[in-house]
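Here is the structure we will look at.
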Amino acid sequence: MIILQDIRQKFTNIREQVEKKVLDAYLLEYIEAPIIDEDKLLILISIMDRIELSYSKMQNYAMSTMLIQIALDTHEHISNSSKDEKSRQLTVLAGDYFSGLYYKLLADSDDITLIKALSEGIKQVNEQKISVYQKESDGIEKLMISIKLIESALLLKLSEVFKIELWNDFLSHLFLFKRLLKEKNQFIQTKSSVLFDALKKIVFPINDYRLKEISGEQHNHLLMICDQYIERSRQIIEKGLNQLPYLNDVLESRISTLLKQYKPYAKSFVEEG
C-alpha cells in the first residue's frame with residue numbers, strides 16, 4: 001500500500017507542476033484550458049517508478065513529455081476551432097509557448113538521450129497528422145496506424161529509452177482505444193470528426209467526403225468499422241493487463257474504468273431503439 005500511495009503522490013506532484021506551467025491566467029481568458037492527458041502521465045510515472053528511475057529524472061522525463069504533448073494537442077485543436085481570429089491566434093501562440101517551455105526544460109537538463117527520443121517522436125506525430133488531416137491514407141488499416149502513432153509515438157520513443165519495448169503494443173492500443181472512443185462520440189453527436197472524415201473518403205470514395213450529410217446506413221457502417229478496431233484494441237489491452245510487468249493497482253483501476261466506457265454501437269442502437 002505504501003508503494004501505491006507513493007505512486008499517487010508522485011502523480012499528483014508532477015501533475016500540479018505541469019498545471020503551473022500551462023495554466024496561464026491571461027491565455028485562459030481567450031482559449032480553452034489545455035488538456036493534460038492524465039492517463040499518459042500515470043503510465044509514465046508507473047513505468048519509471050518500477051524501473052527505479054530517480055525522482056529528479058522521473059520529473060524531468062514526465063514534465064518534458066507532457067509539455068510537448070500539450071503543445072502538439074493545442075496545435076491540433078486549431079484545425080477544429082471555430083473561434084474568432086484573436087482566439088485562433090492566441091491558440092497558435094499558446095501551442096508555441098508550451099513548446100518553448102518544453103525546450104527550456106530540456107536545455108536546463110542537458111539530457112541528450114531524452115532530447116533525441118522526443119524529437120523523433122514529435123517528427124513522427126507531425127508526419128502522421130499531415131497524412132490524416134489531408135486525408136492521404138489509402139486504406140483503413142493505414143489510417144488507424146496513423147491515429148495510433150499520433151497518440152502514442154512519444155511514449156513509444158521513451159519505451160525505447162527505458163528498454164521496455166514489450167510495452168509498445170499495449171501502449172499503442174491503449175491510446176488508440178481512447179482516441180477512437182473520443183472520435184466515435186464526436187461523430188455520433190456532430191456527424192463529423194477528424195477520423196470519420198478521413199474514413200468517409202476511404203469507404204465512400206465516390207461521394208463528396210467533405211459533406212457532413214450521409215445516409216443513415218452509411219453512418220452506421222462507419223461506426224461499425226470503428227467498433228471493430230475498438231474491439232481489437234480492447235482485447236490486446238485486456239491481454240496486457242494479465243501479462244505485463246510494472247502494472248500497479250492505480251493504473252489497472254484507471255485502465256479498467258476506461259475499458260468500461262466502450263459500448264458497441266450496434267448494441268446501444270438496439271437498446272435505445
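Every heavy atom of this structure was used, including side-chain atoms; hydrogens, water molecules and symmetry mates were not. The first residue in the sequence is number 1, and the count goes up from there.
- Listed here is the closest heavy atom pair of Ile7 and Ser46: CD1-CA, 4.3 Å.
- Nearest approach of Leu72 to Ile122, heavy atoms of both residues: CD2-CG2, 4.4 Å.
- Looking only at side-chain heavy atoms (C-beta outward), Ile188 and Lys184 come within less than 4.5 Å of each other.
- Between Thr74 and Val22 the shortest side-chain heavy-atom distance does not fall below 4.5 Å.
- Remark: the Ser146 side chain and the Gln128 side chain contain an N/O donor-acceptor pair separated by less than 3.5 Å.
- Residues Leu180 and Tyr262 are not in side-chain contact: their nearest non-hydrogen atoms beyond the backbone lie 4.5 Å or more apart.
- The shortest heavy-atom contact between Lys21 and Leu101 is O-CD1, 3.4 Å.
- Between Leu244 atom CG and Leu251 atom CG the span is 10.0 Å, to the nearest 0.5 Å.
- One distance of note links CG of Asp37 with OG1 of Thr65; it measures 12.0 Å at 0.5 Å rounding.
- Ring planes of His221 and Phe204: tilted class, angle from 30 to 60°.
- Contact between Leu195 and Glu183 at its shortest, heavy atoms only, is N-OE1, 3.0 Å.
- A distance of 5.0 Å separates CG in Leu118 from CG in Leu158, rounded to the nearest 0.5 Å.
- Ring pair Phe177/Tyr229: centre-to-centre distance not below 6.0 Å.
- Proximity of a side-chain donor or acceptor of Ser253 to a complementary backbone N or O of Asp249 within less than 3.5 Å is not detected.
- Counting all heavy atoms, side chain and backbone alike, Phe170 lies closest to Leu241 at CE1-N, 4.1 Å.
- Side-chain contact, Ser56 with Ser54: a donor N or O sits under 3.5 Å from an acceptor N or O.
- Note: Glu238 CD to Ile255 CD1 = 11.0 Å, rounded to the nearest 0.5 Å.
- Taking the side chain as every heavy atom from C-beta outward, Leu176 and Ser152 never approach each other to under 4.5 Å.
- Under a 3.5 Å cut-off, the side chain of Lys40 and the backbone N or O of Glu151 do form a donor-acceptor pair.
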Assess whether salt bridge (charged side-chain N to carboxylate O under 4.0 Å, His left out) is satisfied between Glu231 and Arg234, documenting all intermediate values.
CA-CA 5 Å; Glu231 180 61 30; Arg234 184 189 66 78; 2.3 Å; yes
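- Remark: the backbone N or O of Gln124 is not paired with any side-chain donor or acceptor of Glu127 at under 3.5 angstrom.
- In this structure, CD1 on Ile43 lies 10.5 Å from CZ on Arg254, to the nearest 0.5 angstrom.
- Here the side chain of Asp49 pairs no donor or acceptor atom with the backbone of Ile45 at under 3.5 angstrom.
- Side-chain contact between Val194 and Arg179 is present, with at least one heavy-atom pair separated by less than 4.5 Å.
- Under the 4.5 Å side-chain criterion, counting only non-hydrogen atoms from C-beta, Val161 is in contact with Tyr61.
- Contact between Gly139 and Ile202 at its shortest, heavy atoms only, is O-CD1, 3.6 Å.
- Between the Asp227 side chain and the Tyr265 main chain, a donor and an acceptor come within less than 3.5 Å of each other.
- In the model, Gln69 has a side-chain atom that pairs as donor or acceptor with a side-chain atom of Asp73 under 3.5 Å.
- Within a 6.0 Å sphere centred on CD1 of Ile35, other residues, nucleotides and ligands contribute 12 heavy atoms or fewer.
- Residues Phe11 and Glu38 form a side-chain contact, since some pair of their non-hydrogen atoms from C-beta on lies under 4.5 Å apart.
- Distance NZ/Lys200 to NZ/Lys135: 9.0 Å, rounded to 0.5 Å.
- At least one side-chain heavy atom of Tyr55 sits less than 4.5 Å from a side-chain heavy atom of Asn13.
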Which is it for Asp138 and Lys142 under the salt bridge (charged side-chain N to carboxylate O under 4.0 Å, His left out) test, yes or no, and what are the steps along the way?
CA-CA 7 Å; Asp138 56 3; Lys142 287 187 177 181; 3.4 Å; yes
